[in-house]
Q: 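The structure under discussion is supplied below as structure tokens; questions concerning it will follow.
Below, chain A is the first sequence line, B the second, and so on; all start at residue 1. No hydrogens, no waters, no symmetry mates; every other heavy atom, side chains included, goes into these values.
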Amino acid sequence: MEYKHREIEQNWQHFWEQNQTYRVEIDHSRPKYYVLDMFPYPSGAGLHVGHPLGYIASDIISRYKRLKGFNVLHPMGFDSFGLPAEQYAIQTGQHPAITTQENIKTFVGQLKNMGFSYDWSREVRTSDPNYYKWTQWIFRQLFEHYYDKTADKALPIAHLIAQFNEGGSGAVNAACDDDTPVFDAQTWRTMGEFEQQKMLLKYRFTFPEESHVNWCAGLGTVLSNDEVKDGVSERGGFAVERKLMKQWAMRITAYADRLISGLDTVDWPEPLKEQQRNWIGRSVGASVRFSLSNASTPPLGVGGLEVFTTRVDTIYGVSFMVLAPEHDLVQALTTPQQKDEVAAYQTWAANRSEVDRMAERKVSGAFTGSYCVNPLNDQPVPIYIADYVLAGYGTGAVMGVPSGDQRDWNFAKHFGLPIVSILDAQKGIDQQADATKEGRYINSGIINGLTYKEATDRLIKWLEANNVGKGKVQYRLRNAVFSRQRYWGEPVPVYFKDYGNGQPMPCLIDEAELPLELPKIDKYLPTQTGEPPLGRAQNWKYHQQYDYELSTMPGWAGSSWYWYRYMDPQNSEVFADKTAIDYWQRVDFYIGGSEHATGHLLYSRFWNKFLKDLGLVPHEEYAAKLINQGMIQGRSNFVYRVKNQTPADADANDAPAGGGGTFVSFGLKDQYETTKLHVDVNIVENDFLDLDAFKKWRADFADATFILEDGKYLCGVEVEKMSKSKFNVVNPDTIVERYGADTLRLYEMFLGPLTDAKPWNMNGISGTYNFLRKIWRLFFDDQTDQPKWDNAQPTAQELKVLHRTIKRIEEDIERYSFNTVVSTLMIAANELTELKCHKKAILEPLVVLLSPYAPHIAEELWAKLGNKSGSISAATFPVFDPQYLVENTFEYPVQINGKVRVSLVFAADAPPADIERAVLENETVIKWMEGKQPKKVIVVPRRIVNVVL
RNA sequence: GCGGGCAUGGCGAAACUGGUAGACGUGCUAGACUUAGGAUCUAGUGCCGCAAGGCGUGGGGGUUCGAUUCCCUCUGCCCGUACCA
């Protein structure tokens with residue numbers, strides 16, 4: 001009987017579906033284990049061979065844990081809101097829901113075709129109203145809570161209001177907008193409802209805010225920082241500009257410290273943690289206010305200029321102040337004489353694209369004509385604007401210390417400003433800045449003679465005592481923009497109440513009114529007046545009266561809590577029932593790409609911490625263990641078409657010429673002038689081109705002729721991104737068809753360590769296929785259909801093979817070394833074939849060991865051996881018994897001066913002294929010792945002997 | 001610039017706490033069998049050398065009886081980030 005992969009796999013996939021084999025329920029009699037794949041976006045292109053890498057690994061873990069007695073939650077679903085479906089809708093008029101539905105169908109089909117053990121009854125889709133109802137519900141909670149720094153957690157807005165009534169803003173220590181004013185209880189109580197609501201927005205976790213955002217005209221929406229790469233949109237590569245817009249924002253910065261400290265409690269890859277730390281960018285320093293009052297400045301109602309610095313110790317070296325061109329105070333600070341120059345610079349800076357800014361870093365700027373005062377020495381400091389200062393970081397203002405900072409130094413040189421040395425250890429500051437913290441301060445008033453640490457402490461005390469500054473921690477992390485001017489996303493459950501003052505106030509729609517469903521619209525484009533597409537919806541008003549929010553939520557909203565929905569996917573009362581959350585707790589094993597480091601994995605940790613503060617979920621961190629699977633790159637193949645070929649040339653080279661062009665094999669191509677063309681990797685095997693398939697591949701190659709080497713056409717190879725245009729995309733379905741899902745699963749794991757990036761390479765897939773055939777032949781004679789197994793007692797040697805295999809596989813899976821497990825299985829198959837072992841007592845546990853990797857063939861053989869169909873996932877992982885591996889002897893490699901010269905067998909428990917004596921009497925050893933006396937003999941029991949001369 | 005990672009045969013790789021480097025697979029060479037196959041089996045295959053032997057884990061140095069593994073240094077490649085005050 002032959003191994004017929006197609007038949008076997010289809011039968012079992014059908015069986016699993018019919019019998020709901022992988023459905024799980026809460027079961028308190030067994031420990032739980034939660035294995036999660038990162039939420040895929042169902043793109044129209046379907047899965048290519050790179051996508052399943054992580055899914056195969058997580059499926060192996062799931063199946064392994066089941067065999068180990070765990071109740072395994074292993075779900076799959078779709079992050080189904082998103083730009084591509086909407087772009088397609090704009091082009092075709094087709095509702096994105098329909099496209100999305102079709103794409104999901106393709107994905108599910110492909111995933112089932114690979115034999116993954118998902119509990120499909122738990123599938124969720126973020127674009128389903130029954131799902132986004134709860135995304136909106138969480139949004140409501142965010143709106144109704146604020147971050148209380150004293151309690152160090154999120155608290156209800158009602159608590160904040162109570163505090164305001166008691167003691168005004170001074171009574172609370174909370175995360176809020178930078179421009180939040182100070183007020184007392186009396187003031188709060190006398191405010192009108194509108195004023196109070198406006199104040200509360202400065203504290204809520206989500207709030208509309210006028211801010212500079214990344215506007216992407218090409219996509220017609222704003223983007224968050226993590227969606228912008230190199231100044232263009234990550235999706236589509238469209239230009240991105242800074243634009244002042246009113247947007248919903250999420251106060252993720254309130255959790256900045258906890259997002260950093262939580263990283264120490266999870267088992268995640270260190271590079272990923274480091275990326276998050278850098279993205280959050282915590283810096284410790286001080287804020288200092290430079291007053292404007294007594295200098296030669298225009299009359300102002302401004303108290304001063306606030307700067308953040310990490311080097312407050314350099315404050316006596318300040319010789320200028322620089323504001324971002326967009327800074328609020330620029331207008332007020334500009335003197336009439338400087339007005340034109342400043343305005344010109346602002347215009348120039350605003351029109352400079354992000355790409356330009358990054359490309360050329362020339363010193364530029366303009367003087368405002370005004371001065372501020374250094375609080376430490378009362379010296380006037382000229383105020384400039386320059387685009388090297390970013391409006392979005394700190395206060396958008398920088399104190400210029402040219403002796404200690406290279407950018408400041410460049411600026412000072414360019415504008416002829418003084419460069420003052422502040423530390424006796426600074427060297428060569430007429431050549432460049434020296435950022436040293438060594439030595440003692442000079443030219444520095446109250447800190448002269450002090451060291452770095454002493455000076456910093458002293459200055460912060462002084463600033464605080466004089467009420468002109470304080471120690472401060474600053475983050476690079478910005479509050480996250482939460483609005484998208486698009487249709488295909490969750491509607492924001494907010495309407496705008498009109499207080500009759502022309503300033504609409506956002507209010508939440510009632511919880512009972514959720515979900516707020518997406519209305520139908522005629523076209524998926526902005527309105528005439530530039531409103532988002534939702535502005536097209538007819539009669540779409542809250543209680544027929546108030547306007548709804550017209551932007552929708554960003555892609556990361558639905559994916560920031562989805563792992564809880566899998567615990568209880570159908571629940572219409574809560575996002576997940578407490579009993580389900582109490583049982584499943586959190587994700588034990590999470591796998592996905594490292595590209596989610598600063599997007600999904602940061603936002604979802606933020607929402608999780610928020611839900612934790614509300615007492616809704618049990619863990620501060622939701623994913624205990626996380627692995628990044630390496631990216632599978634494309635491996636392109638090339639053919640070489642001979643250029644400018646004339647008949648004479650063709651004759652000269654004795655090569656046939658034809659209308660389809662002449663293609664020369666890789667090894668001979670340097671003898672010709674050629675054009676390199678991508679060729680579909682699916683018609684190439686082991687880099688040899690299938691000539692007939694090539695002629696059929698494209699009509700214009702039908703008459704192609706070839707110049708072969710050794711009768712074969714060898715293709716060129718390059719590693720590139722996997723993409724259609726490079727003809728290097730391999731669809732897993734093709735491989736499943738030809739070799740089977742089990743072979744594909746084994747092969748993807750066999751390719752190398754899971755976390756390494758590697759090019760997809762079909763060379764060698766036949767090795768894993770042959771391995772499965774070899775396994776099959778342990779059970780069946782491929783000629784006669786006869787089963788081969790028997791019930792004989794296994795020999796010691798056979799048991800040794802089995803138990804060594806059990807031990808290695810268990811150890812390797814536990815350390816996520818998936819590739820070496822495949823080798824171990826291959827070695828076992830080779831050895832048992834060698835031993836002609838067809839004993840059920842050995843083969844049955846072997847099939848269980850194989851089942852996480854190759855579940856279909858394992859099910860088939862398991863059932864053939866007489867077990868109940870489909871029960872292999874309920875089987876028990878074989879228990880390793882060390883007694884079978886006990887050896888009575890050990891073959892010692894014997895080294896002379898570190899080089900192995902001979903191997904000698906000794907009893908496993910032979911005393912080192914005996915071994916030493918025997919080794920020194922050995923002929924070969926004596927020969928190599930060349931008559932010298934050994935200085936030392938090292939005997940490491942059960943390892944090695946080394947004779948040192 | 002900064003942060004992180006990686007470097008082993010023709011190729012993918014293994015060697016987990018320092019102990020016979022190259023397991024396993026592929027490719028290649030030679031052979032066997034045959035209802036010529038994308039099959040199976042046997043032998044060989046790191047490099048140099050007829051051999052004895054020597055040399056070998058990106059380069060250089062160090063620690064050690066012994067280093068792919070630990071330390072220092074240099075080089076190359078990959079990923080992330082970028083005027084963050």
Q: To the nearest angstrom, how far is A:R478 atom CZ from B:C84 atom C1'?
A: 9 Å
Q: Across the strands shown, which category fits A:K273 at heavy-atom distances under 4.0 angstrom: base, sugar-phosphate, nothing?
A: nothing
Q: What's the closest nucleotide to the A:Y393 side chain, out of B:U17, B:A85, B:G53?
A: B:A85
Q: If only side-chain N and O atoms of A:R407 are considered, is one of them under 4.0 Å from the OP1 or OP2 phosphate oxygen of B:C84?
A: yes
Q: C1' atom, B:U35 versus B:C28: distance in rounded Å?
A: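 Each nucleotide's C1' atom is 29 Å from the other's.
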Q: Considering only the P atoms, how many Å lie between B:A52 and B:C16, rounded to the nearest integer?
A: 31 Å
Q: If you check the A:V398 side chain, which of B:U81, B:A85, B:G80 turns out closest?
A: B:A85
Q: To the nearest Å, give me how far apart CZ (A:R476) and C1' (B:C83) are.
A: 12 Å
Q: Between atom CD1 in A:I775 and atom P in B:A39, what is the gap in whole Å?
A: 18 Å
Q: Determine, step by step, whether A:Y892 and A:F890 satisfy the ring pair (Phe, Tyr, Trp, His ring centres under 6.0 Å) criterion, reporting the C-alpha distance in whole Å, the side-chain angles of both residues, the deciding distance to 0.1 Å, and the verdict.
A: CA-CA 6 Å; A:Y892 281 86; A:F890 183 82; 4.8 Å; yes
Q: Which residues pass the side-chain contact (heavy atoms from CB on, under 4.5 Å) test with A:Q895, sequence neighbours left out?
A: A:V900, A:I944, A:N946
Q: Starting from Watson-Crick (N1-N3 plus N6-O4 or O6-N4) and G-U wobble pairs under 3.5 Å, report the runs of at least three that RNA chain B belongs to.
A: B:1-7 with B:75-81, B:10-12 with B:24-26, B:27-32 with B:40-45, B:46-48 with B:53-55, B:58-62 with B:70-74
Q: Each nucleotide N or O in nucleotides 63-65 of chain B that has a protein N or O under 3.5 Å away: list the pair and distance.
A:
from, atom 1, to, atom 2, distance (Å)
B:C65, OP1, A:K936, NZ, 3.4
B:C65, O2', A:N946, ND2, 3.2
B:C65, O2, A:N946, ND2, 2.7

Q: For A:W928, which residues count as a side-chain contact (heavy atoms from CB on, under 4.5 Å) partner, sequence neighbours excluded?
A: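 Testing A:W928 for side-chain contact (heavy atoms from CB on, under 4.5 Å), a comparison that skips the adjacent residues, returns A:I896, A:R901, A:T924.
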Q: If you pin A:Q633 and A:N770 to their nearest nucleotides in RNA chain B, which one's is more 5'?
A: A:N770
Q: Using a strict cut-off of less than 4.0 Å between a Lys/Arg side-chain nitrogen and an Asp/Glu carboxylate oxygen, indicate whether A:R808 and A:E811 qualify as a salt bridge.
A: no
Q: Residues in salt bridge (Lys or Arg N to Asp or Glu O under 4.0 Å) with A:E891, at least two apart?
A: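 For A:E891 there are no salt bridge (Lys or Arg N to Asp or Glu O under 4.0 Å) partners, ignoring immediate neighbours.
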Q: Determine the minimum heavy-atom distance between A:R635 and A:V681, stating which atoms define it.
A: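 In this case the closest contact between A:R635 and A:V681 is O-CG1, 3.2 Å.
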Q: Any salt bridge linking A:E887 with A:K800? Criterion: basic side-chain nitrogen under 4.0 Å from a carboxylate oxygen.
A: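 Between A:K800 and A:E887 there is a salt bridge, with a charged N closer than 4.0 Å to a carboxylate O.
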Q: What interatomic distance, in whole Å, is found between C1' of B:U69 and the corresponding atom of B:U17?
A: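 Roughly 10 Å separates the two C1' atoms.
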Q: Base, sugar-phosphate, or nothing for A:R901, non-hydrogen atoms under 4.0 angstrom?
A: sugar-phosphate
Q: By the rule that syn is within 90° of 0, classify the base conformation of B:G54 as syn or anti.
A: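 Anti conformation here, the glycosidic angle of B:G54 being more than 90° from 0.
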Q: I'd like to compare against my own output: the B/S/- annotation of nucleotides 8-15 of chain B with a strict under-4.0 Å heavy-atom distance to protein.
A: ----BSSS
Q: Does anything in residues 806-834 of chain A form a ring pair (Phe, Tyr, Trp, His ring centres under 6.0 Å)? List the pairs, not counting sequence neighbours.
A: A:F589-A:Y816
Q: How would you label the contact of A:W268 with the nucleic acid (heavy atoms, under 4.0 Å): base, sugar-phosphate, or nothing?
A: nothing
Q: Rounded to whole angstrom, note down the P distance from B:C78 over to B:U29.
A: 34 Å
Q: Rounded to whole angstroms, how far apart are CG on A:D408 and P on B:C84?
A: 10 Å
Q: What integer distance in Å separates A:R311:CZ from B:A85:P?
A: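 In whole Å, B:A85 P lies 12 Å from A:R311 CZ.
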Q: Charged N to carboxylate O under 4.0 angstrom, A:K4 versus A:E2?
A: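 Judged by the 4.0 Å cut-off on N to carboxylate O distance, A:K4 and A:E2 do not form a salt bridge.
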Q: If you look only at pairs with a residue in residues 936-949 of chain A, which of them pass as a salt bridge (Lys or Arg N to Asp or Glu O under 4.0 Å), with sequence neighbours excluded?
A: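 Every pair satisfying salt bridge (Lys or Arg N to Asp or Glu O under 4.0 Å) with a residue in residues 936-949 of chain A: there are none.
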Q: List the residues meeting salt bridge (Lys or Arg N to Asp or Glu O under 4.0 Å) with A:D756, not counting sequence neighbours, and say none if there are none.
A: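 Once residues adjacent in sequence are excluded, A:D756 has no partner under the salt bridge (Lys or Arg N to Asp or Glu O under 4.0 Å) criterion.
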Q: Taking the nucleotide of RNA chain B with the closest heavy atom to each, which residue, A:Y475 or A:K899, is nearer the 5' end?
A: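 Checking each residue's closest nucleotide, the 5'-ward one belongs to A:K899.
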Q: If we take the P atom in both B:A67 and B:G61, what is their distance in whole Å?
A: 14 Å
Q: Closer than 4.0 Å, any side-chain N/O of A:N830 to the OP1 or OP2 of B:G25?
A: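 A:N830 to B:G25 OP1/OP2: side-chain N or O found under 4.0 Å.
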Q: Could you tell me whether A:E306 and A:K472 make a salt bridge, using a distance below 4.0 angstrom between a side-chain N and a carboxylate O?
A: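 Looking at A:K472 together with A:E306, the answer is no, because their closest N to O distance does not fall below 4.0 Å.
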Q: Quantified in whole Å, what is the P atom distance between nucleotide B:G9 and nucleotide B:A14?
A: 13 Å
Q: Indicate, with a heavy-atom threshold strictly under 4.0 Å, whether A:P893 touches base, sugar-phosphate, or nothing.
A: base
Q: With sequence neighbours excluded, tell me which residues meet side-chain contact (heavy atoms from CB on, under 4.5 Å) with A:L708.
A: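 A:L708: side-chain contact (heavy atoms from CB on, under 4.5 Å) contacts with A:L691, A:F706, A:Y713.
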Q: Which side-chain N or O atoms in residues 312-324 of chain A pair as donor and acceptor under 3.5 Å with protein atoms at least two apart or in another chain?
A:
from, atom 1, to, atom 2, distance (Å)
A:D313, OD1, A:R311, NE, 2.9
A:D313, OD2, A:R311, NE, 3.2
A:D313, OD2, A:R311, NH2, 2.9
A:D313, OD2, A:Y441, OH, 2.5
A:T314, OG1, A:R311, O, 2.7
A:Y316, OH, A:I446, N, 3.2
A:S319, OG, A:P418, O, 2.8

Q: When we call it a touch if two heavy atoms are under 4.0 Å apart, what does A:R777 touch: a base, just sugar-phosphate, or nothing?
A: sugar-phosphate
Q: Taking atom CG of A:D264 as the centre, report whether more than 12 heavy atoms of other residues, nucleotides or ligands fall under 6.0 Å from it.
A: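 Result for CG/A:D264: enclosed.
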Q: Round to the nearest Å and state the distance from A:K774 atom NZ to B:C24 atom C1'.
A: 11 Å
Q: Which residues within residues 314-324 of chain A lie with some heavy atom under 4.0 Å of an atom in RNA chain B?
A: none
Q: Taking atom C1' in both B:G54 and B:G49, what distance in whole Å separates the two?
A: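 My reading of the C1' atoms in B:G54 and B:G49 gives 9 Å.
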Q: Within the structure, does a side-chain N or O atom of A:S283 lie under 4.0 Å from either OP1 or OP2 of B:A85?
A: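 Answer yes for this pair, as a side-chain N or O of A:S283 is under 4.0 Å from OP1 or OP2.
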Q: Counting side-chain heavy atoms from CB outward, which of B:C83, B:G53, B:G25 is closest to A:W928?
A: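 Comparing B:C83, B:G53, B:G25 against the side chain of A:W928, the answer is B:G53.
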Q: Please work out which of the three classes, parallel, tilted or perpendicular, describes the rings of A:Y3 and A:W776, given edges at 30° and 60°.
A: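 Geometry flag for A:Y3 against A:W776: tilted rings.
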Q: Rounding to an integer number of angstrom, what distance separates B:G22 and B:G27 when you compare their C1' atoms?
A: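 Approximately 16 Å lies between the C1' atom of B:G22 and that of B:G27.
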Q: What is the separation between atom CD1 on A:I809 and atom C1' on B:C16, rounded to the nearest whole Å?
A: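 A:I809 atom CD1 is separated from B:C16 atom C1' by 16 Å.
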Q: Kindly assign one of parallel, tilted or perpendicular to the pair A:F750 and A:Y747, based on the angle between their ring planes and the thresholds 30° and 60°.
A: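 Plane angle between 30° and 60°, so tilted.
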Q: What is the separation between atom CZ on A:R804 and atom C1' on B:C16, rounded to the nearest whole Å?
A: 17 Å
